[in-house]
Novice: 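Would you mind keeping the following structure in view while I ask a few things?
Please read all numbers here as calculations on a predicted model, not as lab measurements. Throughout, residue positions are numbered sequentially from 1 according to the sequence presented.
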Amino acid sequence: MSVHGDPIPMTARRGAALSGTAEVPGDKSISHRALILGALSVGETRITGLLEGQDVLDTAHAMRAMGAEVTHHGPGEWTVHGVGVGGFAEPADVIDCGNSGTGVRLIMGAMATCPITATFTGDASLRKRPMGRVTDPLALFGAQAVGRAGGRLPMTIVGAAQPVPVRYTVPVPSAQVKSAVLLAGLNAPGETVVIEREATRDHTERMLAGFGAEIRVEDSDEGRIITLTGQPELTPQTIAVPRDPSSAAFPVCAALIVEGSDVLVPGIGLNPTRAGLFTTLREMGADLTYENAREEGGEPVADLRARFSPDMRGIEVPPERAPSMIDEYPILSVVAAFAQGPTVMRGIKELRVKESDRIAAMADGLTACGARVETGADWMTVHGMGPGGLPGGATCATHLDHRIAMSFLVAGLAAQAPVTVDDAGPIATSFPVFEPLMERLGATFGGAERCV
């Protein structure tokens, strides 16, 4: 699959039960951070299990453009010779971050306190996404940003020549914003403090500590307070990237809704700030178990076994769980369509400003497939139709969003009639082996012209 070029329609249809082992790629969030922190350390960082989707490859290209030596040695195996904190060189050309909101926002943070200027762009989807939530706190360090109307890409960041530390309360739960501020704080003197009212994924804090930064995390009445001491010398690391729970969500959820399925998904990262979907599925009555629980690279890991679960019932998902599963609501809404009764999802307004408006995209597609869906500014309710109950038979718009594309393809594996997505190309940004992996489990996919 290619994320560029002409649209690639794809259709999924009901077939045999899914079975086997699904070895999903490395965690995208950790892969981005490993490359960036490796570039900010002094010496050679070795990485295994790196996700080689286009989003992460774009971050690797950006680190090269800013002076780090980034080398690919084989599948998932990379080294990064870093330039040290504050050592980024000014890139000679525009930095193209493709489809990756995580990549562009973290890189902006990492360079915002370096005395360089960089211009960022991305694909059509990324150019629609607001950057003000990151550039506003970066301005407090002394960085300047000039972009299109509404704070959108292309955008030029002029790094602070004399950065100052900041104390910043994140206005909405966002690991990207928190991480951008912490990365900017690396090259600011003194202590930079980030306050989260709701905890979000903590990969940046864990990895900063692993690279030798002085960082403290405390819970208080204000929320979660993260204090970083600036201008450290980061020590290169050897990083084994665990497999991505957001990617694992698709074979797991497919197994739950396709009759007779039994799928093992090994080595999945179960960081508590990322595992909300699996908790929610089990509350719905999913036959989902954790096997061989262990720790790898400072992250909790387990093998997930998912079996067809005809007795799942809709629930009200606690809104405070949203930060730990924000990327998984699209696939959860598909599972909800095959459960009994309504599933209510609240506190999800962040979905409005992802690669697409994911609330609208899922509501429109599920409605076209025959489900009843209600939505509001920060909520969505899917009225379940029971096992095999979704009529299907629709073509769903993906809006250049990889998770929307994969979610509707999973829906098609259990719906009564095939489901087509208008463009499966964006899947390559995060899960380039999605199609062959699912087909090895028994999924029936094909080009739209061959499956309708």
Novice: Using a distance-only test with no angle check, is there a side-chain donor-acceptor pair under 3.5 angstrom linking T280 and R321?
Specialist: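 Yes, R321 and T280 have a side-chain donor paired with an acceptor closer than 3.5 Å.
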Novice: Checking R282 against Y290: charged group under 6.0 Å from the ring centre and within 45 degrees of the axis?
Specialist: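 Yes.
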Novice: Which pairs would a plain distance check flag for residues 362-371, meaning a side-chain donor or acceptor within less than 3.5 Å of a matching protein atom at least two apart in sequence or in another chain?
Specialist:
unit_1, atom_1, unit_2, atom_2, d
T367, OG1, A363, O, 2.7

Novice: Report the residues that fulfil side-chain contact (heavy atoms from CB on, under 4.5 Å) with R206, sequence neighbours left out, ordered by chain and then residue number.
Specialist: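 Applying side-chain contact (heavy atoms from CB on, under 4.5 Å) to R206 gives D202, N271, P272, E299, P300.
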Novice: Take I107 and L183 through the side-chain contact (heavy atoms from CB on, under 4.5 Å) test and state the conclusion after the steps.
Specialist: CA-CA 8 Å; I107 297 165; L183 291 172; over 6 Å; no
Novice: Output, in order, the C-alpha distance, side-chain angles, deciding distance and verdict of side chain to side chain donor-acceptor pair (under 3.5 Å) for Q237 and T45.
Specialist: CA-CA 5 Å; Q237 298 296 303; T45 288; over 6 Å; no
Novice: Is the backbone of T113 close enough, under 3.5 Å, to the side chain of N187 for a donor and an acceptor to pair up by distance?
Specialist: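 Checked: pair present.
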Novice: Within a strict 4.5 Å, meaning less than it, do heavy atoms of the W379 and I359 side chains meet?
Specialist: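 No; the side chains remain at least 4.5 Å from each other.
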Novice: For the rings on F338 and F308, is their centre-to-centre separation under 6.0 Å?
Specialist: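 They do not qualify: ring centres at least 6.0 Å apart.
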Novice: Any chance you could lay out the side-chain contact (heavy atoms from CB on, under 4.5 Å) test for R346 and E316, step after step, and finish with the verdict?
Specialist: CA-CA 8 Å; R346 302 188 189 278; E316 182 152 342; 3.1 Å; yes
Novice: Apply the test side-chain contact (heavy atoms from CB on, under 4.5 Å) to residues V193 and I225: give CA-CA distance (whole Å), side-chain angles for both, the deciding distance (0.1 Å), then the verdict.
Specialist: CA-CA 7 Å; V193 180; I225 301 176; 3.7 Å; yes
Novice: Taking C-beta and beyond as the side chain, do T192 and V181 meet within less than 4.5 Å on heavy atoms?
Specialist: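 Result yes, sub-4.5 Å side-chain heavy-atom pair found.
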Novice: Could you check if a side-chain atom of T343 sits within less than 4.5 angstrom of a side-chain atom of M284, using non-hydrogen atoms only?
Specialist: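 Yes, at least one pair of side-chain atoms sits under 4.5 Å.
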Novice: Considering only heavy atoms from C-beta outward, does the side chain of T21 approach that of P266 to under 4.5 Å?
Specialist: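 In short, these two side chains touch, coming nearer than 4.5 Å.
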Novice: Run the side-chain contact (heavy atoms from CB on, under 4.5 Å) test on V263 and R307 for me, step by step, so that the C-alpha distance in whole Å, both residues' side-chain angles and the decisive distance to 0.1 Å come before the verdict.
Specialist: CA-CA 6 Å; V263 170; R307 298 180 178 89; over 6 Å; no
Novice: Should L186 and L40 count as side-chain neighbours, where that means a heavy-atom distance under 4.5 Å?
Specialist: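 Of all side-chain heavy-atom pairs linking L40 with L186, at least one is under 4.5 Å.
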Novice: Look only at the side chain of R14 and the backbone of A415, and say whether a donor-acceptor pair between them is shorter than 3.5 Å.
Specialist: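 The answer is yes, because a donor-acceptor pair under 3.5 Å joins these two groups.
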Novice: Please tell me if the side chains of Y329 and L332 come closer than 4.5 Å, counting only heavy atoms from C-beta onward.
Specialist: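 Y329 reaches L332 side chain to side chain.
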Novice: Counting C-beta onward and ignoring hydrogens, is there a side-chain heavy-atom pair between F445 and L413 closer than 4.5 Å?
Specialist: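 Counting from C-beta outward, F445 and L413 do come under 4.5 Å.
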Novice: Just jot down the side-chain hydrogen bond (donor to acceptor under 3.5 Å, both in side chains) partners of R167, sequence neighbours excluded, or say none.
Specialist: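 If we apply the side-chain hydrogen bond (donor to acceptor under 3.5 Å, both in side chains) test to R167, skipping adjacent residues, the hits are E222.
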Novice: Could you tell me whether the side chain of R33 and the main chain of S29 form a donor-acceptor pair under 3.5 Å?
Specialist: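 The answer is yes, because a donor-acceptor pair under 3.5 Å joins these two groups.
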Novice: For S246, give me all partners under side-chain hydrogen bond (donor to acceptor under 3.5 Å, both in side chains), at least two apart in sequence or on another chain.
Specialist: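 Residues passing side-chain hydrogen bond (donor to acceptor under 3.5 Å, both in side chains) with S246: R274, E328.
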Novice: Are the side chain of S309 and the backbone of D287 linked by a donor-acceptor contact shorter than 3.5 Å?
Specialist: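 Between the backbone of D287 and the side chain of S309 there is a qualifying donor-acceptor contact (under 3.5 Å).
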Novice: Restricting to non-hydrogen atoms, name the atom on I268 and the atom on P245 that form the minimum distance, rounded to 0.1 Å.
Specialist: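 Heavy atoms of I268 and P245 come nearest at CG2-CA, 3.7 Å.
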Novice: V382 and S333: which non-hydrogen atoms are nearest, and at how many Å?
Specialist: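 Between these two residues, the closest heavy atoms are CG1-O, 3.8 Å.
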Novice: Thinking salt bridges, do K354 and D327 make one under a 4.0 Å N-O criterion?
Specialist: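 Looking at D327 together with K354, the answer is yes, because their closest N to O distance falls below 4.0 Å.
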Novice: Listed by chain and number, what are the side-chain hydrogen bond (donor to acceptor under 3.5 Å, both in side chains) partners of R243, not counting sequence neighbours?
Specialist: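 If we apply the side-chain hydrogen bond (donor to acceptor under 3.5 Å, both in side chains) test to R243, skipping adjacent residues, there are no hits.
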Novice: For residues 135-156, which residue pairs qualify under side chain to side chain donor-acceptor pair (under 3.5 Å), counting only residues two or more places apart or in two chains?
Specialist: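 Pairs touching residues 135-156 that pass the test: T119-T156.
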Novice: Show the numbers, then the answer: is there a ring pair (Phe, Tyr, Trp, His ring centres under 6.0 Å) between F141 and Y168?
Specialist: CA-CA 11 Å; F141 289 96; Y168 187 71; 8.9 Å; no
Novice: Could you tell me which residues satisfy salt bridge (Lys or Arg N to Asp or Glu O under 4.0 Å) with R216, sequence neighbours excluded, listed by chain and number?
Specialist: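 R216 satisfies salt bridge (Lys or Arg N to Asp or Glu O under 4.0 Å) with E191 once adjacent residues are dropped.
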Novice: Salt bridge (charged side-chain N to carboxylate O under 4.0 Å, His left out) between D123 and K128: does it pass, once the steps are laid out?
Specialist: CA-CA 9 Å; D123 67 8; K128 294 177 182 177; over 6 Å; no
Novice: Using every non-hydrogen atom in the two residues, find where L351 and I326 come nearest and quote the distance to one decimal.
Specialist: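 Scanning both residues, the minimum pair turns out to be CD2-O, 3.1 Å.
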Novice: State which residues pass salt bridge (Lys or Arg N to Asp or Glu O under 4.0 Å) with D401; sequence neighbours excluded, sorted by chain then number.
Specialist: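 Scan of D401 (salt bridge (Lys or Arg N to Asp or Glu O under 4.0 Å), adjacent residues dropped) gives R358.
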Novice: Look at atom CD of E259 and say whether more than 12 heavy atoms of other residues, nucleotides or ligands are closer to it than 6.0 Å.
Specialist: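 Incorrect, the count does not exceed 12.
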Novice: Identify, with sequence neighbours excluded, every residue that meets side-chain contact (heavy atoms from CB on, under 4.5 Å) alongside V172.
Specialist: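 Testing V172 for side-chain contact (heavy atoms from CB on, under 4.5 Å), a comparison that skips the adjacent residues, returns R133, K349, E350.
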Novice: Under 3.5 Å, is there a donor-acceptor pair between the side chain of S100 and the main chain of C97?
Specialist: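 Not confirmed, S100 side chain does not pair with C97 backbone.
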Novice: State which residues pass side-chain contact (heavy atoms from CB on, under 4.5 Å) with S430; sequence neighbours excluded, sorted by chain then number.
Specialist: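 Partners of S430 under the side-chain contact (heavy atoms from CB on, under 4.5 Å) test: K28, H402, M406.
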Novice: Apply salt bridge (charged side-chain N to carboxylate O under 4.0 Å, His left out) to R224 and E205, showing your working.
Specialist: CA-CA 12 Å; R224 192 164 173 265; E205 298 95 300; 2.7 Å; yes
Novice: Do we see a donor-acceptor contact under 3.5 Å between the side chains of T279 and E283?
Specialist: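 Absent: no donor and acceptor within the cut-off.
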Novice: Classify the ring geometry between F250 and F431 as parallel (under 30°), tilted (30 to 60°) or perpendicular (over 60°).
Specialist: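 Rings of F250 and F431: tilted, as their planes differ by 30° to 60°.
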Novice: Hey, does the side chain of R197 reach the backbone of G223 with a donor-acceptor pair shorter than 3.5 angstrom?
Specialist: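 No; zero donor-acceptor contacts below 3.5 Å.
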Novice: For T48, enumerate each residue passing the side-chain contact (heavy atoms from CB on, under 4.5 Å) test, keeping only those at least two apart in sequence or located in another chain.
Specialist: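 Only E77, A240 meet the side-chain contact (heavy atoms from CB on, under 4.5 Å) criterion with T48.
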Novice: If you look at every heavy atom in C253 and L281, which pair is closest and at what distance?
Specialist: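 Looks like SG-CD1, 4.0 Å.
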Novice: R403 and E355: salt bridge (charged side-chain N to carboxylate O under 4.0 Å, His left out), yes or no, with the steps?
Specialist: CA-CA 9 Å; R403 299 198 195 281; E355 283 83 338; 5.7 Å; no
Novice: Could you give the distance from CD1 (I30) to CG (L35), rounded to the nearest 0.5 Å?
Specialist: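 It comes to 12.0 Å.
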Novice: Between S261 (side chain only) and V258 (backbone N and O only), is there a donor and an acceptor less than 3.5 Å apart?
Specialist: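 Yes; judged by distance alone, with no hydrogens or angles, the pair exists.
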Novice: If you compare all heavy atoms of T200 against all heavy atoms of A175, which two are closest, and at what distance to 0.1 Å?
Specialist: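 In terms of heavy atoms, the two residues are closest at OG1-CA, 3.5 Å.
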Novice: With heavy-atom distances below 4.5 Å as the criterion, would you say the side chains of R129 and M131 are in contact?
Specialist: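 They are in side-chain contact.
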Novice: Testing the 3.5 Å rule here: is there a donor-acceptor pair between the side chains of H32 and T59?
Specialist: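 A donor-acceptor contact under 3.5 Å links the two side chains.
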Novice: Can you give the donor-acceptor pairs under 3.5 Å from side chains of residues 389-400 to other protein atoms, not counting sequence neighbours?
Specialist:
unit_1, atom_1, unit_2, atom_2, d
T398, OG1, D422, OD1, 3.1
T398, OG1, D423, O, 3.3

Novice: When V24 is tested against each of V265, V252, L51, V433 for side-chain contact (heavy atoms from CB on, under 4.5 Å), which residue passes?
Specialist: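 Single side-chain contact (heavy atoms from CB on, under 4.5 Å) partner of V24 among V265, V252, L51, V433: V265.
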